[in-house]
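Down below is the structure, laid out as structure tokens.
Each chain gets a letter, A, B and so on, in the order its sequence line appears, and its residues count up from 1.
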Protein chains: 4
Amino acid sequence: MTPVNDQPAPERPGRKRSEDSRMAILAAASELTAEVGYAGLTIEGIAARSGAGKTTIYRWWPSKADVLLDALATKADLYVPVSDEGSYTADLSAFLTASFALGRNPQVAEVLCALMAEAQINPEFGKRFRASFLQNRRDALGVILDRAQARGDLPPGLPPATITDIVFGTLWYRLLATRQPLDQQLANELVSTLTGPRSDSAAPASRRRKQP
Amino acid sequence: MTPVNDQPAPERPGRKRSEDSRMAILAAASELTAEVGYAGLTIEGIAARSGAGKTTIYRWWPSKADVLLDALATKADLYVPVSDEGSYTADLSAFLTASFALGRNPQVAEVLCALMAEAQINPEFGKRFRASFLQNRRDALGVILDRAQARGDLPPGLPPATITDIVFGTLWYRLLATRQPLDQQLANELVSTLTGPRSDSAAPASRRRKQP
Amino acid sequence: MTPVNDQPAPERPGRKRSEDSRMAILAAASELTAEVGYAGLTIEGIAARSGAGKTTIYRWWPSKADVLLDALATKADLYVPVSDEGSYTADLSAFLTASFALGRNPQVAEVLCALMAEAQINPEFGKRFRASFLQNRRDALGVILDRAQARGDLPPGLPPATITDIVFGTLWYRLLATRQPLDQQLANELVSTLTGPRSDSAAPASRRRKQP
Amino acid sequence: MTPVNDQPAPERPGRKRSEDSRMAILAAASELTAEVGYAGLTIEGIAARSGAGKTTIYRWWPSKADVLLDALATKADLYVPVSDEGSYTADLSAFLTASFALGRNPQVAEVLCALMAEAQINPEFGKRFRASFLQNRRDALGVILDRAQARGDLPPGLPPATITDIVFGTLWYRLLATRQPLDQQLANELVSTLTGPRSDSAAPASRRRKQP
DNA sequence: GCTTAATCGAGACGGTACGTCTAGTCTTCGC
DNA sequence: GCGAAGACTAGACGTACCGTCTCGATTAAGC
């Protein structure tokens, strides 16, 4: 996740990058965000809290948002499971349940909202955020959709990309716009909407047909 | 939309607020956002461009985002039609088509993304943005949903609030996250997903009835 | 002392100047100077305290220093006596005693120092302050010196202008530079220095001789 | 004269203070005072002219007056000689002649008047100005008076502190109040007044000799 | 009594500088 | 050569007053 210096051969002269500093900086960034909010987070503050110099931070991260993104990736077990639950419905349900649970963590939600905000305002960070974080999440859902397609239980009519937009759109809208809790009921409603006719009572299996 | 002084009896002593200044400030804010982006927009810049004093801006708007929100509300014919098209499907389709068309305007999209970003970072502005702008849009869709409910052609199973979250969630996700164009195809897919062909057996045309 | 509108024929139509406002403004200026110091004195503060509009102050006085100068002239019985005490020594002594007593009033001293300061910084006010206030004081001493000259008991050797410079110089230096109290002993020493026992023959006090 | 950081052991980490910046700031302050006057002098102007950031100025000087005081001390050979001329009269005469010559320099006079004004208005600066500048000048004259006392040719009757008040009082009064030139004649008159009987009628010419 | 003119208070206006804050860079040291 | 400490230029922040202006309400004098 560190945006710089990921060459596989770190055979360079000079002192090595201090892993202690890196962790102290990431920890300081997370703590400060929790304490003063993203707006109050500054590179100077991170440097002071972590005991690092500003130069060290600027050397390794292009912006405070990148520090936070790195912290998020390092700390959080951010990646929800995509293991095969046997059916598209089950897979999707598991994915949404896990994603919503993650989004219900206020610390994580706060950071995610801040990063999405920064992505709007700072186009360079936006590229990195979309390419690394957002695309990762889409890819996770993509695995499920591919599997469903292979399995043949993906309802026709909606392209996978649209499903992805609807899923993440609804999730992010709750985070960013309504600040309503990401409750399980919404997850269920999304699943039923996307897996087809939430079908009255009977015949849950035959529901996705356009015409019988 | 002006955040101060909307009492119906403005019988106060002293010089009246200058409408010229107000318009010049709103215009300058819009122009500068287009020219240098939201990150490059400053109160000082708006003051310089508009010929107003910084004091005047701070007197009437709490932040640059509020200026932009006011400019948006003043300028844009931002409000999509909610006239009765005869059916829920037609109403929703018209609403989405008009909303997407608006979002395809790059100027408007840029400002919307910036305001949503600011709403994350500045909680006070967030409250105002949610209460005035976002809620307005939800209410517009609410009119359609209420009418559908009264008419009886709202598909059962999804609460109106969830439909609203899905519609605006998908729209905003495209704006904020994928930067993909808000094409008509997505609107159509949303309509068909939400009006649903889970339509029991026959009669594709009469499908929105609760009971035949 | 009011710097405007002292034409002898005030036969004009329209509302007359409000003496109430004038007094309220002068009082507010004096009070505020005592409370927050000259640096903290502002036209806005005077207006707020006095209940007058800023326009009213600007209409009649060019600066806050002029308000204070007017207040000083209106309030203080600022003018020390120059009545004939019978001899130059007695006249000078009485003048100095009265002047020093005035300067020992901390309120008056504070205002005088502030006005002298403003006179350095604001040349226009400097002209007015020198022409009206400082020259008045010099003229008062001039009466005594003229009388002495006419009487014949002015010691030769020092031109009256130089005596004036020494007297007021010492007084102002104590106010501005050393902030030492203007004690009676200094007045006495000034008198004896300026009336001089160069007094050739008579020599009432023989103390100042280099060699007897 | 630098108000901060005169510890003898500057063994601190970090970048050293830039002497280039310091000199550029002092020069800019002097030039701007000459060009636009003390009232027109601003920290922003000094920063712009000198190429320094405002932060740098605020880091090292508490006010624009302190910058000017530092500039005066750095630039001017401000300190008049107090070398032993053989007699009190000669010493005092030399001191006054040199002091008056300095005060005849319009640049220096302008700055001195401004600093004395600021000392009235800004009490904190007043303390510094009195303690560093004014007291230095009094001390210089004190050397002469001490020497005279030791030598035995100080006229009795006037305490040294009073002599000091009269000398500097007259000097400053000319600068601040009358704006009359500090001419040599006034210096002579002061000397003769303070050294005692300017010798009655006879032999006015021979009085200032050291000893015949 | 009506008109006319100057006053009054209130308060918005375009400005300027303030002193603070943070950004991002540069320099100097110790390890 | 890395990393801390900290000084550097740069520039926006939000505030405080400035001095000017518009506003509606008063208050007289002259017609």
Side-chain angles (χ1 to χ4, degrees), chain A residues 12-18 20-21 40-45 47-48 50-60 62-64, chain B residues 5 11-18 20-22 24 40-48 50-60 62-64, chain C residues 5 10-18 20-22 40-48 50-60 62-64, chain D residues 5 10-18 20-22 24 40-48 50-60 62-64:
Chain A
R12 291 184 303 146
R15 184 169 168 178
K16 293 296 182 301
R17 177 173 181 184
S18 158
D20 286 1
S21 278
L41 183 69
T42 65
I43 298 278
E44 301 221 309
S50 66
K54 284 165 59 178
T55 318
T56 304
I57 301 176
Y58 282 113
R59 193 174 355 249
W60 300 109
S63 76
K64 66 175 181 175
Chain B
N5 195 21
E11 305 299 343
R12 289 185 306 145
R15 184 174 174 174
K16 295 292 186 299
R17 177 172 182 183
S18 161
D20 285 2
S21 280
R22 178 170 176 272
L41 182 68
T42 64
I43 299 278
E44 300 221 311
I46 298 171
S50 67
K54 284 166 61 176
T55 315
T56 303
I57 302 177
Y58 283 112
R59 180 156 30 230
W60 300 110
S63 74
K64 65 175 183 176
Chain C
N5 196 18
E11 305 301 343
R12 289 183 304 149
R15 184 173 175 175
K16 290 294 187 298
R17 175 173 183 183
S18 161
D20 285 1
S21 278
R22 179 173 176 270
L41 183 69
T42 64
I43 299 277
E44 300 222 310
I46 298 171
S50 67
K54 285 165 59 177
T55 318
T56 304
I57 301 177
Y58 282 112
R59 186 163 17 236
W60 300 110
S63 75
K64 67 174 182 176
Chain D
N5 196 19
E11 304 301 344
R12 288 184 307 146
R15 186 174 172 174
K16 294 289 185 303
R17 178 173 181 183
S18 161
D20 285 1
S21 279
R22 179 172 176 270
L41 182 69
T42 64
I43 299 276
E44 300 222 311
I46 298 172
S50 67
K54 286 166 61 176
T55 314
T56 302
I57 302 177
Y58 282 112
R59 179 158 29 229
W60 300 111
S63 75
K64 66 175 183 175

Discussion item. Nearest heavy atom decides the nucleotide; on that basis, is C:E44 or C:G51 closer to the 5' end of DNA chain E?
Written reply: C:G51
Are [X] and [N] close enough that a side-chain N or O sits under 4.0 Å from OP1 or OP2?
| X | N | answer |
| --- | --- | --- |
| C:S21 | E:dT7 | no |
| D:T56 | F:dT9 | yes |
| C:R59 | E:dC8 | yes |
| D:S18 | F:dA7 | no |
| C:W60 | E:dA6 | no |

Practice prompt. Name all residues meeting the side-chain contact (heavy atoms from CB on, under 4.5 Å) criterion together with B:A24; count only those two or more places apart in sequence or in a different chain, and write none if there are none.
Written response: B:S50
Report the distance from atom [atom1] of [X] to atom [atom2] of [N], rounded to the nearest whole Å.
| X | N | atom1 | atom2 | value |
| --- | --- | --- | --- | --- |
| C:Y58 | E:dC13 | OH | C1' | 14 Å |
| B:D20 | F:dT22 | CG | P | 12 Å |
| D:I46 | E:dA17 | CD1 | P | 12 Å |
| D:I43 | F:dG11 | CD1 | C1' | 16 Å |
| B:L41 | F:dG11 | CG | P | 17 Å |
| B:I57 | E:dG14 | CD1 | C1' | 11 Å |

Worksheet item: Is there a donor on the side chain of A:K54 or the base of E:dG24 sitting less than 3.5 Å from an acceptor on the other?
Response: yes
Discussion item. Whether the side chain of D:T55 and the base of F:dA10 hold a donor-acceptor pair under 3.5 Å is what I'd like checked.
Written reply: yes
Item to complete: Would you indicate what D:A52 reaches in the nucleic acid, counting non-hydrogen atoms under 4.0 angstrom: base, sugar-phosphate, or nothing?
Response: sugar-phosphate
Discussion item. Applying a 4.0 Å non-hydrogen cut-off, can you work out what D:G45 is touching in the nucleic acid: base, sugar-phosphate, or nothing?
Written reply: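 Touches nothing.
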Worksheet item: Relative to the 5' end of DNA chain F, which residue comes earlier, D:S50 or C:K64, by the nucleotide with the nearest heavy atom?
Response: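 Nearest nucleotide further toward 5': that of D:S50.
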Fill in: Within 45° cone of D:W60 ring axis and under 6.0 Å: D:R22 NZ or CZ
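Checked: cation-pi criterion not met.
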Discussion item. Minimum heavy-atom separation for D:L41 and D:K64, please, with both atom names.
Written reply: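 Reported closest heavy-atom pair: O-NZ, 2.9 Å.
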Item to complete: Specify the closest pair of heavy atoms between B:G53 and B:A47, including all atoms of both residues, with the distance to one decimal.
Response: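 Shortest heavy-atom separation between B:G53 and B:A47 comes out as C-CB, 4.2 Å.
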Write down the protein N/O and nucleotide N/O pairs, taken from nucleotides 24-28 of chain F, whose separation is under 3.5 Å; answer none if there are no such pairs.
{"residue": "F:dT26", "atom": "O2", "partner": "C:R15", "partner atom": "NH1", "Å": "3.0"}

Item to complete: I would like to know whether A:T56 and A:R59 meet side-chain contact (heavy atoms from CB on, under 4.5 Å); could you show each step before the answer?
Response: CA-CA 5 Å; A:T56 304; A:R59 193 174 355 249; 4.3 Å; yes
Fill in: C:T42 side, atom OG1; C:I57 side, atom CD1 - distance, nearest 0.5 Å
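Taking OG1 in C:T42 and CD1 in C:I57, the distance rounds to 9.0 Å.
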